[in-house]
Structure formats: structure tokens, C-alpha cells
Amino acid sequence: MPCDALIFDLEDAVAPAAKDAARAALRAALEQGGYGPRFRMVRVNGRGTPGFAEDCTLAGIADALVLPKVNHAADLDGIDAPLWPMLETPLGILNAASIAAHPQVQGLIVGTNDLLKDLRARATPDRLALLPSLGLAVLAARAAGKVVLDGVLNALDDPAALQAECEQGRTLGFDGKTLIHPAQIATANAVFGPSDTELAEAQALIAAHDQAMAQGQAVAVHQGRIVESLHVTEATRLLELAKTIAAAGR
Ligand SMILES: CC(C)(COP(=O)(O)OP(=O)(O)OC[C@H]1O[C@@H](n2cnc3c(N)ncnc32)[C@H](O)[C@@H]1OP(=O)(O)O)[C@@H](O)C(=O)NCCC(=O)NCCSC(=O)C[C@H](O)C(=O)O
Ligand SMILES: [Mg+2]
């Protein structure tokens, strides 16, 4: 599967009576390996719920833990692992900045299903009710210099909805999207990775800026638009991202 990361779920995707067996099976699977370079995350049961402490013992054999329903930065204290808190409660969204800034946090994941439930909001194709929360999550991640992943699309077989939601997530600033089925991977990779057109534009923009600088100008004009060093920074980031994706064989 050409995905960057795998999330092994011990929380909502596992029935209460199956939690112990799922944890044991996951431990054996992680010890056996075979996941290639994919980043292996375990979503543990929530702090204060049954199984949490036992789930956290998997930290040593996974790459990171995903913590559901994080409300406060203090919810992350005392866990000895790289952490990916899920922002999926109103309090978690309102505390996103301090959660993102926690030193053990590598990235944030938005849990749009739980958020919709807690907000008593309507699920609509344009995700209107989620936009403030999605924006706050991106702001918090960027302020702390962390990665931020969009929530899942529940529809298993709706390519148009998947394309639209991925495009919206990228437009909002998300680095990628969490997915529930392998059939969703190709679309997410295509949307969140820079396209050939974007890469060609980035190269042309950098070249135009370099040429203007060489001529002693502070600002370049490229295709009728001004180009400053901040645009070069973003163009360079896209080119670096493309190299990273190519090196990963995606
Ligand atoms: C929904 C599913 C139960 C469907 O599974 P299945 O019936 O097995 O689908 P397919 O027959 O189409 O599967 C084809 C092959 O792909 C593998 N597969 C399927 N799903 C996954 C997956 N998620 N990860 C890895 N591999 C997967 C099947 O095993 C088949 O493989 P093979 O036999 O070798 O061909 C299933 O997709 C599923 O369980 N999905 C995950 C649901 C889930 O993750 N839920 C929790 C996350 S969403 C969430 O928590 C919301 C969040 O908290 C919030 O609040 O928003
Ligand atoms: Mg959830």
C-alpha cells in the first residue's frame, strides 16, 4: 500500500470485548514486522478509559501513539512516546495551540466524526460546520511547526466526494488525510503531493526570482504577478516535498 503511515486502531474500531485480544494480536504483528518504511502508529484507548495503560505499553514497538479525544495539553503528560493527539472535541479544538506545542507532539489529527457529534452539527458535503475547527487545527499546527492531518471520509466508495474533500483539505493547509480504506490512498496521494504543473511553476518562479535578484531587483514579476522571497520559500518547500515523495517511491 503506497501510504506514508499506518494507524493500528485499538479504540473505536475494536469492540469492548475484543480489546485485549486485539492488543495481543497487534503486539505480535508489530514484533513480526513487515510494514516496510511506513510509519507505524497505534491509536490507544482514551486516557481514563479501560485499556489505556495496557495500550501504551505498545509504545516501545510502534513509532508513535495516537491519542483520541485529547482535551488539554496535560492529557499528554507522562506518556513516554512520540504523540499524535486527535482533536475531536470542542475543548480539544479550543486548546489546539497548547496541545500542538507539547514537546512530545509530532503531529495533529482531526477527528471529524466525533467533532460533528459533539457540535451537534450537520454533516454536509462542503463540511461547513467543521470549517472553524479545521482552520484552528491548521493554525495550531503551523504555529508549533507540527504536521496536521485531516479527518476521514466515511464513504467507502464515493470517488467524487473523496476528491473534493482532499482538495478542500489541501486548500485549508493540511499536510495529508487520514483514510479508512486502501482504495482511498491514490486520490489522497495525488491531491496532497505537488502536481507536475505545480512543480514546473515552482521552478519557473524560482528562476524568475533568481534572475531578478541577479539584476539587483528586490522583487521579481513572473507571469504578471509579483514574486518575493516568501514565494520562493514556498516553491522550494514544494520541490523538497516532491523529492521526499519520490525517494519514498510513491
Ligand atoms: C470498512 C472496512 C471494514 C471494509 O473492509 P473490507 O470489507 O475488508 O474491505 P475490502 O474487502 O474492500 O478490502 C480490500 C482489501 O483491503 C484491506 N483493507 C480494507 N480496509 C483496510 C484498512 N482500513 N487498512 C488496511 N487494509 C484494509 C482488506 O483487508 C482487503 O485486503 P486483502 O484481503 O489482502 O485484499 C475496512 O475498510 C475498515 O475496517 N476500515 C477502517 C475503519 C476504521 O479505521 N475506523 C476507525 C477510523 S475512523 C475514526 O476513528 C473516526 C475518528 O475517530 C473521528 O472521530 O472522525
Ligand atoms: Mg473519533
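Here the structure is a predicted model, which is why all the values come from computation and not from measurement. Every number for a ligand or one of its atoms is a count from 1 in the order of the listing. Keep in mind that the numbers below use all heavy atoms, side chains included, and drop hydrogens, waters and symmetry copies.
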Give the minimum heavy-atom separation between L199 and P194, together with the two atoms involved.
-> CD2-CB, 3.7 Å
For the side chain of H102 and the backbone of I99, is there at least one donor-acceptor N/O pair under 3.5 Å apart?
->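 No: the side chain of H102 does not pair with the backbone of I99.
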Pick from L58, D63, I61: which one makes a side-chain contact (heavy atoms from CB on, under 4.5 Å) with V42?
->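 Considering L58, D63, I61, a side-chain contact (heavy atoms from CB on, under 4.5 Å) with V42 is found only for L58.
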In a check of side-chain contact (heavy atoms from CB on, under 4.5 Å) between V191 and each of Q168, R170, K177, which one passes?
->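 When Q168, R170, K177 are each tested with V191, the side-chain contact (heavy atoms from CB on, under 4.5 Å) holds only for R170.
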Could you walk me through whether D157 and H181 pass the side-chain hydrogen bond (donor to acceptor under 3.5 Å, both in side chains) test, one step at a time?
-> CA-CA 9 Å; D157 188 19; H181 192 278; over 6 Å; no
Under 2.8 Å from the Mg ion (ligand 2), which protein atoms of type N, O or S occur, listed by chain and number?
-> E88 OE1, D114 OD2
Which value, rounded to the nearest 0.5 Å, describes the distance between F52 atom CZ and L65 atom CG?
->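 Here the rounded value is 8.0 Å.
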For ligand 1, the residues whose heavy atoms come within less than 4.0 Å (ordered by chain, then number) |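 Answer by chain and number: M1, D9, R43, M86, E88, G111, T112, N113, D114, V152, L156, I180, H181, P182.
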Without hydrogens or angle criteria, can the side chains of N71 and N95 be said to hold a donor-acceptor pair below 3.5 Å?
->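 Judged by distance alone, the side chains do not pair up.
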Any side-chain donor near an acceptor of the partner, R23 and T57, under 3.5 Å | no
L108 with V152, same ILVMFWY side-chain cluster at under 4.5 Å = no
